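Structure first, commentary second.
Order of listing sets the numbers, starting from 1, for every ligand and every atom in it. Quick note: residue numbers are just sequence positions, from 1. Excluded from the calculations below are hydrogen atoms, water molecules and symmetry mates; all remaining heavy atoms, backbone and side chain alike, are included. This one's a predicted model, so the numbers in the text were calculated from it and none came from an experiment.
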Amino acid sequence: MFSSPLIPALSILIFLPFLFLIAPRILLLTDLQISLSPDELDDVALFHKAILASSSHHHRTSSSSISHLGTTTNPKPKIAFLFLTNSDLAFAPLWEKFFHGHQHLFNIYIHADPTVQITPPGGVFEGRFVPAKKTERASPTLISAARRLLANAILDDPLNLYFALVSQHCIPLHSFPFVYKTLFGSELAALRDFGTQSNHQSFIEILSDDPNLPERYVSRGDNVMLPEVPFEQFRVGSQFYILTKRHSLLVIQDKRLWRKFKLPCLNVYSCYPEEHYFPTLLSMEDPKGCSHYTLTRVNWTDSTDGHPYTYEAPEISAQLVHTLRKSNSSYSYLFARKFSPDCLRPLMKLASRVIFRDSNCVYN
Ligand SMILES: *[C@@H]1O[C@H](CO)[C@@H](O)[C@H](O)[C@H]1NC(C)=O
Ligand SMILES: *[C@@H]1O[C@H](CO)[C@@H](O)[C@H](O)[C@H]1NC(C)=O
């Protein structure tokens, strides 16, 4: 009755609606598989765990009894120090002195590039390494490393409420109590805002007037950042910041901007993903909750190849420490970079007398 070519045509017609139903699922699946590397799958699982943990912490900390959080019935918020490094922590002895006597007010987490041989630091740094992956300039790996540090710190201790990202070239410019007080205010205020931190801001540089922005914006190709990141909302800022917990959560929850910032750099000389991702995301999501300046001093005078000025041992003096503390904001700088490893000796000599002495130094 039917001519034979009609049968395949008919069956296609019948099958067509099913194809529309199934195809998007298949596409979605392959899209996921293509865009998520094994490293990224690990990260997604870690971020998910940290987000879940923090929502259960939140329930517990906001209930009337918070005694189960630790052996203490009066828990104090902590600062998580996130060390991002690809070489030895040359200033570990100085940091050790900085942390000494404040055990219950901080935690340390270290992300060290596993492809580099690093001398494991002892003391407060011992056993503080988080599972790490290779990091490289001009790639999104430094963003991933920082997000990994944030997630590990959120997961590890619900009392971590500020997250300070530093590198192996950073040094403290003040005592620990000074840093703590700058971030949390009085202990009373810290306790009152416990959990929500609604009155606290993140200290992150967010700049919109940098002359390099147009070139940086197209470093992954023309228009690839659209529609998630229009040029008008693209920002730059220092890679080193101090984030509140709510912003740290926001960073590890983000998928939208990460989809764009993880794309490979075509122009590796103007890419620097880690200098753009965090400022752009936070300026889009909560500009009023951010300082827009960093509390980590850096000297960009005569910078070469994207690296800031590195101080050498003969330059270290009490005068330099005092100069580096001075800022244009209402806060003193808390940390500074970059210092060559041979600065350790002269810095240790200044530690008690100058760096950790701020009794007569009220902010600025
Ligand atoms: C910044 O670095 C330059 C050298 O590039 C140096 O001359 C200057 O003293 C440094 N500034 C400070 C405040 O240390
Ligand atoms: C403060 O602002 C002045 C004027 O813009 C600038 O020259 C100086 O370098 C700034 N100082 C610091 C520490 O950023």
Side-chain angles (χ1 to χ4, degrees), residues 87 90-91 94-95 97-98 137 162 164-176 178-183 201-213 216 235-243 269-270 272 274-276 278-280 282-283 287-364:
S87 65
F91 299 117
L94 183 67
W95 284 105
K97 227 171 150 83
F98 170 81
R137 284 188 101 196
Y162 262 118
L165 185 68
V166 289
S167 83
Q168 72 272 39
H169 305 292
C170 291
I171 63 155
L173 291 176
H174 283 284
S175 70
F176 183 91
F178 186 96
V179 170
Y180 191 87
K181 196 161 180 232
T182 299
L183 297 180
Q201 63 176 337
S202 286
F203 294 93
I204 177 170
E205 189 173 49
I206 301 175
L207 306 173
S208 55
D209 56 0
D210 189 281
N212 297 315
L213 273 177
R216 299 270 192 110
R235 298 287 182 271
V236 68
S238 164
Q239 179 193 355
F240 300 98
Y241 47 62
I242 305 173
L243 298 189
Y269 301 105
S270 66
Y272 304 101
E274 69 284 356
E275 290 186 1
H276 296 277
F278 301 98
T280 302
L282 287 173
S283 109
K288 290 209 175 91
C290 300
S291 63
H292 294 243
Y293 52 79
T294 176
L295 294 182
T296 301
R297 175 72 175 253
V298 58
N299 184 350
W300 283 111
T301 317
D302 301 332
S303 75
T304 47
D305 187 26
H307 292 288
Y309 183 70
T310 302
Y311 292 95
E312 305 283 342
E315 294 171 89
I316 303 302
S317 67
Q319 181 58 47
L320 179 67
V321 172
H322 290 140
T323 304
L324 293 181
R325 284 173 173 173
K326 287 203 186 85
S327 80
N328 282 333
S329 80
S330 48
Y331 296 94
S332 167
Y333 281 112
L334 301 181
F335 313 117
R337 62 190 273 263
K338 298 171 75 165
F339 292 81
S340 71
D342 67 338
C343 295
L344 177 64
R345 238 174 201 277
L347 284 169
M348 287 300 275
K349 280 201 190 134
L350 290 180
S352 310
R353 192 163 50 85
V354 179
I355 303 175
F356 302 140
R357 177 137 155 223
D358 28 44
S359 50
N360 53 0
C361 164
V362 186
Y363 297 98
N364 260 316

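- The presence of a protein heavy atom under 4.0 Å from atom 14 (O) of ligand 2 is confirmed.
- For ligand 2 and R297, the ligand atoms under 4.0 Å from any heavy atom of the residue are 13 (C).
- Among all heavy-atom pairs drawn from R137 and Y272, the shortest one is NH2-CE2, 3.5 Å.
- Contact annotation: the side chain of Y241 never approaches that of F203 to less than 4.5 Å [non-hydrogen atoms, C-beta and beyond].
- Nearest non-hydrogen protein atom to atom 3 (C) of ligand 2 is N328 ND2, 3.6 Å.
- Checked by distance only, ligand 2 and K326 stay at 3.5 Å or farther apart across all their nitrogen or oxygen atoms.
- Using modelled atom types, one finds no donor on one side chain facing an acceptor on the other under 3.5 Å when comparing Q201 with S291.
- Put simply, the residue from R297, R325, H174, H322 that forms a side-chain hydrogen bond (donor to acceptor under 3.5 Å, both in side chains) with S332 is H174.
- Distances between N or O atoms of T323 and those of ligand 1 include no value under 3.5 Å.
- Distance check for atom 7 (O) of ligand 1: every protein heavy atom is found at 4.0 Å or beyond.
- Between K97 and S352, the closest side-chain pair of non-hydrogen atoms falls below 4.5 Å.
- Atom 9 (O) of ligand 1 has N299 ND2, 4.8 Å as its closest protein atom, hydrogens excluded (heavy atom only).
- The shortest side-chain heavy-atom distance between T310 and H169 does not fall under the 4.5 Å cut-off.
- The atoms of ligand 1 that sit less than 4.0 Å from any heavy atom of L320 are 14 (O).
- In this structure, of Y309, W300, Y311, the residue bringing a heavy atom nearest to atom 12 (C) of ligand 1 is Y311.
- Closest approach of E205 to S238, counting heavy atoms only: OE1-N, 2.9 Å.
- Shown in contact with D302 at under 4.0 Å from a heavy atom are these atoms of ligand 1, numbered in order with element: 4 (C), 5 (O).
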